[in-house]
Amino acid sequence: MGDQELNRVLGGGAVPGGVVLLGGEPGIGKSTLMLQVALSVGRKNKILYISGEESAEQVRMRANRLGSISPEVLIFAQTQVPALLDALRQEQPDLVVVDSIQTLDLPDQDGVPGSVGQIRESAAALTAWAKTTGTPLFMVGHITKEGSLAGPKVLEHMVDVVLQFEGDRHHAYRMLRAAKNRFGTTAELGIYEMTGEGLSAVDHPSEVLLGERGSAESGAAIAVALQGVRPLLVEIQALVSTAVYGTPQRSGTGFDLRRLNMLLAVLEKRCAFKLAQFDVFLNVAGGLKIQDPANDLAVVAAILSSSLNLSLDNRTCFAGEVGLSGEIRPVPRMEQRMAEAARLGMERMLVSGHGKLPTPPRGLTLIPVQRVNEVQRVVF
Ligand code: TYD
Ligand code: MG
């Protein structure tokens, strides 16, 4: 398919008879992504885009803003499953998109469209068709803010691939990852930017993410994270302020709150950080959700930096996991991390001092630390 990010996350591209569920919050860009796929694949193949959310004319107008739509892309506004199956048999498309699964209506089935039974049975009928004819099928499913996959959840065991489209609606960046993948790994990640002309792949995410940086302010630390097999430099921002009310506030945007609380507890125990006296806000720049334990060290550095009101050197980056007893643990794939850090002009990288130190590329110096209480002395 024309979309390299999507191909990478799928582990190759669309597979004959492969059924993919694309989940995400409303407004995140699922329809945009699917339309772009239809437009790029539709130059050579017959695509059926089934929209239950917007009229065919609305979809066509939207598609025309995203790129020129070829006659090979058929747009049907249809929610009745039997009529839809008739259309599939008649048109014999090379690829089908159903947007969204919550709008489908199977007359024989109890419940309103969007109810669990309707979703399950409609999806089963379409999946059976895709498998018999060997046609790739993409189904869009909305999920709610709380991550409740209520509808789509019942489909997860039925489909081959479950993709999640994530991001902060107030930021332009979107991440596409596989929660399940029968055809490949779930470790890969696609990164897009939502622009006026739709979604564009971000080839060099580190540049973009670090490009948002201002001058060296206190509370900012650069983490060398890994997303899938791709290294990614990202700025972690912390704001530590005196708590006004009894219970200090904790919030983490793009970072797991439980992990943040754990790191704060370690800081209290090992670095005399007065946990109960401070509000702590943590933010991953760019609105990305990053799940790499290697970010711990940058989180710790950002928190120390903000609470001491001392800024960190902006050519210093961090990659290390923090354990409960305050030890800094080594993280995998150091070669890739170091290469990316050096490529972006980083000069120093704080890493775990446990085990054998890898050899950094030219221009980059590794600074080994064994415990969190060494971090402050080393960086300020
Ligand atoms: P959409 O694909 O409709 O989201 P979903 O199908 O997940 O509900 O996209 C929603 C947002 O994307 C909408 O608020 C407008 C924005 N957008 C752009 O910024 N640029 C574009 O080119 C398009 C098509 C949408
Ligand atoms: Mg939509």
Side-chain angles (χ1 to χ4, degrees), residues 1-6 9-10 20-42 47-70 73-79 84 95-105 113-114 118-119 122-123 126 137-153 155-156 159 161-179 189-202 208 212 286-289:
M1 292 188 288
D3 186 321
Q4 291 309 320
E5 298 295 292
L6 177 58
V9 177
L10 285 175
V20 177
L21 174 67
L22 173 66
E25 289 173 27
I28 204 76
K30 301 179 297 296
S31 301
T32 308
L33 182 66
M34 287 294 100
L35 266 177
Q36 288 184 206
V37 167
L39 293 181
S40 71
V41 182
I47 314 295
L48 205 59
Y49 192 101
I50 297 150
S51 175
E53 311 232 320
E54 291 166 284
S55 71
E57 197 43 44
Q58 275 175 310
V59 178
R60 193 175 302 282
M61 275 165 55
R62 210 207 262 240
N64 273 323
R65 276 197 290 121
L66 294 169
S68 60
I69 182 165
S70 89
V73 180
L74 305 177
I75 299 170
F76 285 7
Q78 179 61 268
T79 55
L84 214 156
L95 187 143
V96 180
V97 177
V98 177
D99 185 3
S100 67
I101 193 73
Q102 273 103 340
T103 59
L104 295 186
D105 190 358
Q118 282 282 353
I119 288 179
S122 301
L126 290 171
L137 168 67
F138 285 82
M139 298 191 288
V140 170
H142 296 295
I143 60 175
T144 59
K145 185 89 190 163
E146 299 75 46
S148 147
L149 293 142
K153 196 87 192 164
L155 304 180
E156 285 186 3
V159 301
V161 180
V162 178
L163 298 180
Q164 281 169 359
F165 209 25
E166 302 172 341
D168 183 338
R169 245 188 298 170
H170 305 295
H171 285 89
Y173 299 106
R174 301 283 180 268
M175 298 170 94
L176 184 70
R177 61 172 112 229
L189 176 85
I191 301 181
Y192 297 89
E193 184 176 5
M194 181 64 95
T195 70
E197 285 83 47
L199 292 158
S200 65
V202 176
V208 180
E212 295 203 334
L288 296 186
K289 207 180 278 177

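Counting convention: from 1, in listed order, for ligands and their atoms alike. Keep in mind the model is a prediction, meaning the values are calculated, not measured.
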Point-to-point distance, once rounded to the nearest 0.5 Å, from CZ of Phe165 to CE of Met34: 8.5 Å
Side-chain heavy-atom pair Leu163, Leu10 within 4.5 angstrom cut-off: yes
Protein N/O/S neighbour count - the Mg ion (ligand 2), strictly under 2.8 Å: 1
Test item: Leu104 and Gln118 side chains (from C-beta on) under 4.5 Å apart, heavy atoms: no
Sole residue of Leu48, Val96, Ile47 in side chain to side chain contact (heavy atoms under 4.5 Å, CB included) with Leu74: Leu48
Side-chain heavy atoms of Leu84 within contact of Leu126, under 4.5 Å: yes
Under 4.0 Å from ligand 1 - residues by heavy atom, chain and number: Glu25, Pro26, Gly27, Ile28, Gly29, Lys30, Ser31, Thr32, Arg62, Leu66, Met194, Thr195, Gly196, Glu197, Gly198
Counterpart residues, side-chain contact (heavy atoms from CB on, under 4.5 Å), relative to Ala123 (two or more places apart): Ile101, Met139, Leu155, Met158
By side-chain contact (heavy atoms from CB on, under 4.5 Å) - contacts of Glu54 (at least two apart): Ser51, Gln58, Val59, Arg62
Minimum side-chain heavy-atom gap Val20-Val159 below 4.5 Å: no
Close side-chain approach of Val97 and Leu22, heavy atoms under 4.5 Å: no
